[in-house]
Structure formats: C-alpha cells, structure tokens
Amino acid sequence: MKFGVIRFPGSCDDVDALLACRRVGEAVILWHADRDLQDVDCVVVPGGFSYGDYLRVGAIARFAPVMEEVAEFAHAGGLVLGICNGFQVLCEAGLLPGALLPNTSLRFIFRQVELEVVTQSSPFTGRCDPDQQLSIPVKHTTGRYYAPDDQLARMEAAEQVLLRYAPGQNPNGSLNDIAGVCNEQRNVFGLMPHPEHAVDPLTGPTGGLPIFESIRAHVTDGALV
Amino acid sequence: MADAHEGLAPVRARVLVKPKAGILDPQGQAVERALPALGFSGVRNVHVGRLIELDVEDPARLPEMCQRLLTNPLIEDYEIVEADGVNGAGSHPA
Amino acid sequence: MADAHEGLAPVRARVLVKPKAGILDPQGQAVERALPALGFSGVRNVHVGRLIELDVEDPARLPEMCQRLLTNPLIEDYEIVEADGVNGAGSHPA
Amino acid sequence: MTPSAAPATHRELGLTDAEYELIVSGLSREPAITELAMLSLMWSEHCAYKHSKKLLRRLPTEGPAVLMGPGENAGVVDVGGGLGVAFKVESHNHPSAVEPFQGAATGVGGILRDVFAVGARPIAVLDSLRFGEPAESPRSRYLLDRAVAGIGHYGNSIGVPTVGGEIYFESSYEQNCLVNAMCLGLAPHERLIRAAAAGPGNVLVLLGALTGRDGIGGASVLASAELGEADEAKRPSVQIGDPFAEKKLLECCLELLDSELLVSLQDLGAAGLTSSSSEMASKGGVGLDIDCALVPLREPGMEPFEIMVSESQERMLCVVEPEQVDAVIAVCERWETRATPIGTVTDSGRLRVSSGEEVVADLPVGILVDDCPLYDLEPAPPSEPLYAPAAAALGADAGAAETLVALLGSANLASRVPVFEQYDPVVQSRTVRRPDDADAAVLVLPTGEAIAVSIDGNGRRVACDPRRGAAEAVFECAANLACVGATPLGLTNCLNFGNPEKPHVAWQLVEAVEGIRQACLSLGVPVVGGNVSLYNEAPTGPIFPTPVIGMVGRLPDPERAGRLAFVREGDVVALIGELGAASMAGSELAKLQGAPVAGPLPGLDEDVARRAHETVRALVGSGAARSAHDIAEGGIAVALAECCVAGGLGAVVGLPVGLDPFAEAPGRAFIVSGSEEALHGLPVIGHVGGTTLSLEGVLSVEVSRLADVRRRGLERFL
Ligand SMILES: Nc1ncnc2c1ncn2[C@@H]1O[C@H](COP(=O)(O)OP(=O)(O)O)[C@@H](O)[C@H]1O
Ligand SMILES: [Mg+2]
C-alpha cells in the first residue's frame, strides 16, 4: 500500500512519519503547495508546527492547496491520519469534530504515555490488541481535546473515540481522557500522541506500530471495519 | 467586492477574540491565581484571549474573516471594534 | 488601597496587549500572508496580541498590574479599556 | 561620507582612546559614522576576542577526526561513512538576563545557524544553564522558568531534538545567569562549506528575515547622536526569535547546498551584516561592495549604520555566481524565504558600503577583522577568597542517610525531568538514549553507527581550583561518553568568566584554559570550536569561572549503547577506577554545609583515569555491563542512588575502606552492574536487589523515598 505524508513549511515530524509508514508499506512526501495526492491509499498529516502554528494551531495550514484535495479524498472515503499538529489541522478543517486547546499546564510537555484502545472497529485500530496498552510519546503545548457536551455524547455513543489516555495518564486535561478520535465515517483519525515515534525498538517502545499495521491491513487485506 | 474598495482609505480595526463562556481557561485562571501573590486583591473572572489589529479597506468583510480564519467558532467568540467604536460581535452557535 | 475598595461593585475591564512598535511580530506577518490566499485583499499592518478581560474592584491599580504581571514591558505595549471606554495606555521605555 | 560623530562617541561605543587612535592612524582619517559603528562592534570583545584570542591559541586543535577546526562557524569531526558531525556551543547570557524567553530562544536560533552555515543539518541541541539560588531568589526561578520555555519553544518548533543539558544554581550567578546552547549537525563531507567569500564579480545574496532595529545594542548611542533628541521608536529592541522563519531558512540553505548553488555561506550573528560580510571577505582574501539600500527592511527610515549592525535574527549571507542567482532565488521562493542580492565580491580587499549613490563606509577588510589589538592578560591569584560560602543548609552532624536525602533533594542534584519534559528529545527519529536514560545522549547515524554527546562544567569546582576544575570537566565529559560506550572525537567549549581586566579573573581564565589544554592532550581530544563570554560580573563580584565543555564521541553499535539504571536483581555492582583522592573540596556536600569555596581539588592521575574510561567503554561495548554511571557530584553514594532510582531497584554495597560516601573526584571512577560472570575479575563492591539502597555500616534508605525527594527537588521551583 502507499502512504502520502504531507509536508507543510514548518512540519517537523514528516520524515519520522515517512519512516514509520515505510515499515509497513510504501510512502511518499506530498508538498503542501501541490494538489496531486499521487494515488496514495492513506494521507498522513504529520506533527510539527505548520506555518509556525501562528494565530491558532493548524489554523493557517488547513488552507494549504493540498488540504482541499485531502478534504475531497476524505469525503470520498479515503483514509486520513492526523498526528498531533495534523490532528489540530484536521479539526480546524472540519474533517474531525472538536478542537484542541492549550494544555492545562500551559506548558509544552514531552512524556511517554500509556494509551487504551477503546475499539478495534476502525481502519486505524483493527490490529491493536484491545487488552494491550500502547506506550507512545506525546509532545505538544495544545493538546487538550474539547468538544461541546452534546457532540461529545454523540461521539462516545458512536464509538468515535478510538484512543484514551490510561487512568492517571492524561497529560493535558483532555475531556474524557481523549487521545484520539475519528469522524462518523471512521475514515479520518486524529490523535495527539505520536505513533511514528514508537515504531523502532532501538529508539524506544513500539506502541505506535499496531496503528500503522492496522492501516496496512485495512488497505491490503480489506480487513473489516 | 474588495476591489470596489481599492484605493479607499483603509480602516483600522480590532478583533477581540475570547474563549467561549464555559470552556476551561487555564490562562485566565493562572493570571487570577498570580495576582493576589503580587498584592492585587479583588480581581475576578479573568479571561485571556487574542487581540488582532489590522488595516482593512473593506470593513464589511471583517465578520467573514473572523469566521473563516481569525477565530474558531467552536471555542471562541469575537468582537469587532473599528476605530470609531464597536460595530459587531459574533457568538457563533457551537 | 485595594482594601478600601472591598465590596465595591467591580468594574469589567479589558487590557489590550500588543507587540511594541518595531518589534518583530511573526504572528501578524503570518496572518497578513494568509488572508490574500483566502480572497481577502486590501488588509495591511496586521498585528496579533493578547486580550485580557477581568473584573477589578480597584481599576486604579490596573496600570500597575499591567506592568508587573499582565504584560512584558520590554516587548509589549498595552491599553486599558474599562466598560465605559478607554482610560489609559502604556508604552514603557525599552 | 557623513562626517564622524560627536567627539568621544567612540568611548560610549566601548572603544578606548588608544583603540580609536589606532583606527584613525590606520585610516589616516577620522572614521565616518557608519564606519565607527562597524569598527566599534568588530573591535568589541565579543567579535575580536581581544582578551582571549592569544590564550585560545594554546588549545590543541589537531586530531585524526577533525575536518574543520576553530575559525569556522562550527567545528566538524569525521564520523565515518563519508559523514561529518558539526558542533559548537555558544553563550547568550546577557540577552537572557534581559528577556529570558526570547534571549534563550534566540540563543538556540543562533547556534543552529552556526551549524547549518557549514552545511550540516542540525540534529540535536543541548543546553547549559546557570542561575542564582532558586530557594532564595524569585528572580532566579523566573529566569529558569522562562529560559527553559524559550529553549523548548525554539528547538521544539523547528524540529531539532533537545537531547541533553545541565543546570546548576549558585548565588554567584544571581545577577549574571548563564544560558549556553550547543548544537550538533550532520553533513555528508561534500556538503560541508566554509565562509570564505571568493570570485570577484560573484554576487552577495542576503537570505531570510527582514532587517529591523533588533539588538542594535551599543551602537544605539549613535542613534541618539544621530537623531539628536530621543526617539522612542528608533531605540533598539529585544530580538524576537521566529523558529518558523528559521525552519524555512534552514531547509532552504540545505537545498541550495545540495544543488551546489553556493560558493560560500555564513550566518548573521553578533554585529549582523558587518561581521558576517567582513569575516567572509577576510577569510577569502577579497573585498565586498554592499549597497545597504538594497537590504529589505522591517522598519522605515533605518540609518545605514543601523542596517549594517542590526542583529535581526533568521538571516544568512551567501556568495553566488552571477549565472546562478535566478536558480537561488527560485529555491528560496519555494521555501518562502526572501533572497536579495545586496552586493558583489571585489578584488579590492576593502569593505565598501554605499546607500544608493552615497558611499557610507570604505574600509580595508583587515582593519575590521585583524587590526583590533589583542591584549595580554595580567593574571594574579586572588589573595583572599573571591566567593562567599553558601548558607549552610545541613548540619555538620547530619547522619549519612539524612545527608544522602538532602543531596538528592538539592536543586543541583535533583531530577531534571521537570525541565526536560519541556523539550522534544525524539524528533528526527535518531535518539537512542534520551535524557535520564544514560550519562550521554546517543543518536543513531544513517551509517548504522552512532554518536554520543555530553555537556558539562562545574563552576564551583573551577572556582576552587581553576586548573584542576576545568580539567575535571573535560574528563567528566569523556567519562559520560564512556558510560554509553563512546570514544571521544572532539570537543567544543564556552568560557564564561568575569572581567578579564581584573588580575584574579585573568588568572582563573589562564588556569582554566591550561587545565582544558592538559586534559585534551592526555585524552587525545582536540578542541574544534567554542565561544567566550567575558565580563559576567556584578557589583558583588564575578560569576564562578564557568568553562562549559561539550564533547562528541562515536560508538560502533547503538544497540549496545549503555544505560545508567540498575536493571536486574542479583547483578553484581563493580567500582571501576580510582577514588582514593576523592575529597570534600568543592563538593555538593561542602556547599550544603556552608563550607568555604576553596581548593585544592584532588589531583588526577590521568593514566589511571584514562584506563578506567577504556575499561568501562569496553564493558559497555561488549554488553558485559548492563549499566554504567560515572561518579561525580555527591560522590559514590549519590551515584549509586541514581542507578537505583533510575531502575527502581535497590542495592547492597560495601564501600572500600576509608572512602567517604560523599567525597568527590569527578571524571575518573564508575559504577557498573552486570552478571557475576560478565563482570568476573572486576572489583565487585555489592549487588543489585531489594527495595532499599544500603551502604553497609553507613546508611540504608528506601529507593522509593530517594526517588521521591529527587523528583521534588527541582520541581518545587517550577
Ligand atoms: N573557547 C573557544 N575555544 C575554541 N574555539 C573558540 C573558542 N571561542 C571561540 N572560538 C572560535 O572562534 C571563532 C569565532 O567565534 P564566534 O564569534 O563565536 O563565531 P560566530 O561569530 O560564528 O558565532 C569560531 O570559529 C569559534 O569556534
Ligand atoms: Mg557564525
């Protein structure tokens, strides 16, 4: 299968995402100013500080030419994974519900956190062992997930919350310990933790790998959602 | 529309952006906590938001700018203040 | 001094904080660059700062609060606006 | 040219009358305003190294791995596979004291530019920080909080991991905090580039940010001289870092180099266009004509001298062949980075600056770069102690357990997690050992091998005994590298001292440099670069003399990179190296007891120490040692406690007879753990296991308690 990792000016974890994707498939860089998605099966909107995160995180990146294509791609059912800043961009773009607010600590925080897989029924968690916590690092200043109560209730009911911080691990004050959510169609997924930084035993725990493997499995074996 | 205004003297405008009521505002809380320590008592309901100042040729487009770029309707309310006073507020339905 | 005001009806005040003139304002530049791409032409001199809203029993102490906590005098100027209009600005010597 | 400024302006610009006379006789005329501004900065301590240059010549700079040594923007060592690692440490002390967040942020931005100026992609940042006592000084807590936030802001935003650092608190830094930042970069040999301008007729292109009145600093007196009555808007302003702009500038410069479009490249740092252009011309033995009216400005109405000395951040200068200019501009547009031809290379050997038609400066490059007089230091050891002892925080009668707890909970030894949690250590996917995993950070290279890096310097020990204290810092860096299995390739250093015109500070400087020199020679580690920050002095006296050493090493197998934590019950604990000389002089315990800041420090048997390093390197490299940790501040007791806390395991140890558990002799001895077979034949002093750390007949404390005090020791101030 083929991943496409978007590169905005100010993307930082784009190469990391590329390397992680290449552990399970092909992967190419998609330049923010180009509209060509190069027939990828999954678009990754990576972490970093697109456009410096000025004004509001993700606020300016969402208007990049490539993002129009990503929106179409998503509406047509294509898989889109947003990591950290990518999650923020997808929320700003309206491809995912909710918004991300400053950490309650008001500080940037890097920490290895334990995540609970809420459900396997998504293209992004199909290969995650539900009884296995994932150890993945978070690194952000603006990761407090927020959605209005009624919307949150609908999301929980529809199992749109795919990942939660394990009890006592919530690093940023996210509502309901939410670490990652998908859209109603379940083909767009955003999370604050960085799975691409948890795929290589040489550099740390490998809790991120199952997420990339789930995507590959979904695309290649057409594993059921 | 903007074209119609090319050459017009631009208006200095301000957009005041604040967190929507009811959403936790740790920045405001931090300020509220810090003040007494410095000997400033009697301060309440502190909220921290954003100020955007700009010269705009066509002020009529400001609300649109606010809704599309300058604010996030889900989490923020805004108020537009032109050099000559308040001329519009926006509290988008969440 | 504040004590003298205990129990008085607090005043809703706003502090508008903006980058000092001449100081690099990357945020303002970013917004100014972004707007034309969204079809908003004719926007200039964009600056992004902070808005602080607070209920204060003794508005007379606001300038002091600004200088000691709410703003960074080295790189920011501020303006105090009370519910009833502008009542003070501060531009600290660098 | 505009006639010169008011008489004696040169003094306000920091030039002595004698220096000004030299300038006048060198030019056979009075300098014009713009010339005076340029010369006063180029002849400043910061640019000319007036009081340190002669001394620095004593440092050994040769080594088999050295690809670029001192003199370039960053030193470069060969790490095999056609790759070089560039690195340098630089101070941003004063700006950080004025505005800690932006000062520290722009310090990181500046050192990153030095590294990509030689064609290397920045792959890691480290920081070395010094503040006053956090328990006593709210200002020091504020400086710590903001400086750390600023470093994180820049490094995290630009996507370079912050993989290590060090922080010490001493009241001598109360008025002069130290913020030193180190950066490492990676480059294929063929991309390495020097700053020397070349090729008369070639074009000088300014890259990056607009030029504003940022950090015009000293030269601002000219602003007032020029403007007459004070004009607020024209005052120099605090430099604001824009990591987003630098990220684009960085990618842009690397792409320009990969496409072989540049003849030479140079960052703009202190003294802005003036120093960067004159350094490029001097190194290339050429001249430059610059039209400063072509420089894109952020503010209207800037004077030529302001443009020439502005320290606006995120700018680079490059030399381009005329036929390549369009290609260069095209690459820059792709990265949304401004590229403006502002001048040409000439064979005149002069730096000629015009503002449109008007010539505002016409100086021989030599007078800017070479002619500033170098001063001899007049060192004299201080007759009485320079530094007051710290207030006693621990009674002399305190028991060993109480003492260990106090040490681990002290701001200098407590866990750095509350600080490192604000830095991204993993971006770029190279980080094999993060802060707290091991004594040095380890980064895997594209070749499959790895490099290790450590930064170290203990001002108090140098204050006690400058020569031995500085040598210890070099040995301690090497010891940190040994703990992960790495062999040193080279080092960089930042000399943070007081006023060198004072004999006792001059003495500290001379002695410290001699200590570094001897340590480098005995370890065979060359100095490839560095920085000097002098006049860190308050009315109350100078800072502790603080040479900060950053050392880079190489290890063949990242899978085998060492860790410091005890990991397995039943493993034996061995003591490698000689601690016989260890003493209380300059120790953390001496500080807690309020003892005088006085030496002498224990002498160091270099051969014994070097052999200990080799033994540990071998044990780690072969996988025989499951953990390795050097014994430094707080002595063997604290070293053992750190191994226990890191692994959540206890240990039972019998100390060698006569060894004080808290005596210090850094850089020469280690705690390693491993299976009995693997460590067979080594001096075993105990074993790993249980939930308490017991030093037989000395102390016994629950590891959970040690972990708890260690965690809270710094956290409580943030
Ligand atoms: N303490 C030192 N040891 C070795 N080299 C040094 C030291 N201080 C400065 N240098 C070298 O002198 C040159 C000028 O230093 P500096 O002005 O900091 O460079 P830049 O202007 O590029 O930041 C650099 O090559 C630097 O490596
Ligand atoms: Mg340089």
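Numbered from 1 within each chain, the chains take letters A, B, ... in sequence-line order.
The CD1 atom of I75(C) lies 12.0 Å from the CD atom of Q239(D); values are rounded to the nearest 0.5 Å.
Only the side chain of F244(D) comes within contact range of chain C, with at least one heavy atom under 4.5 Å from a heavy atom of that chain.
By the salt bridge (charged side-chain N to carboxylate O under 4.0 Å, His left out) test, D424(D) pairs with K139(A), sequence neighbours left out. Remark: E246(D) pairs with R113(D) by the salt bridge (charged side-chain N to carboxylate O under 4.0 Å, His left out) rule, at least two apart or across chains.
Nearest heavy-atom pair across L24(C) and D242(D) is CD2-CB, 4.1 Å. Across V98(D) and L74(C), no two heavy atoms sit closer than the pair O-CD1, 3.2 Å.
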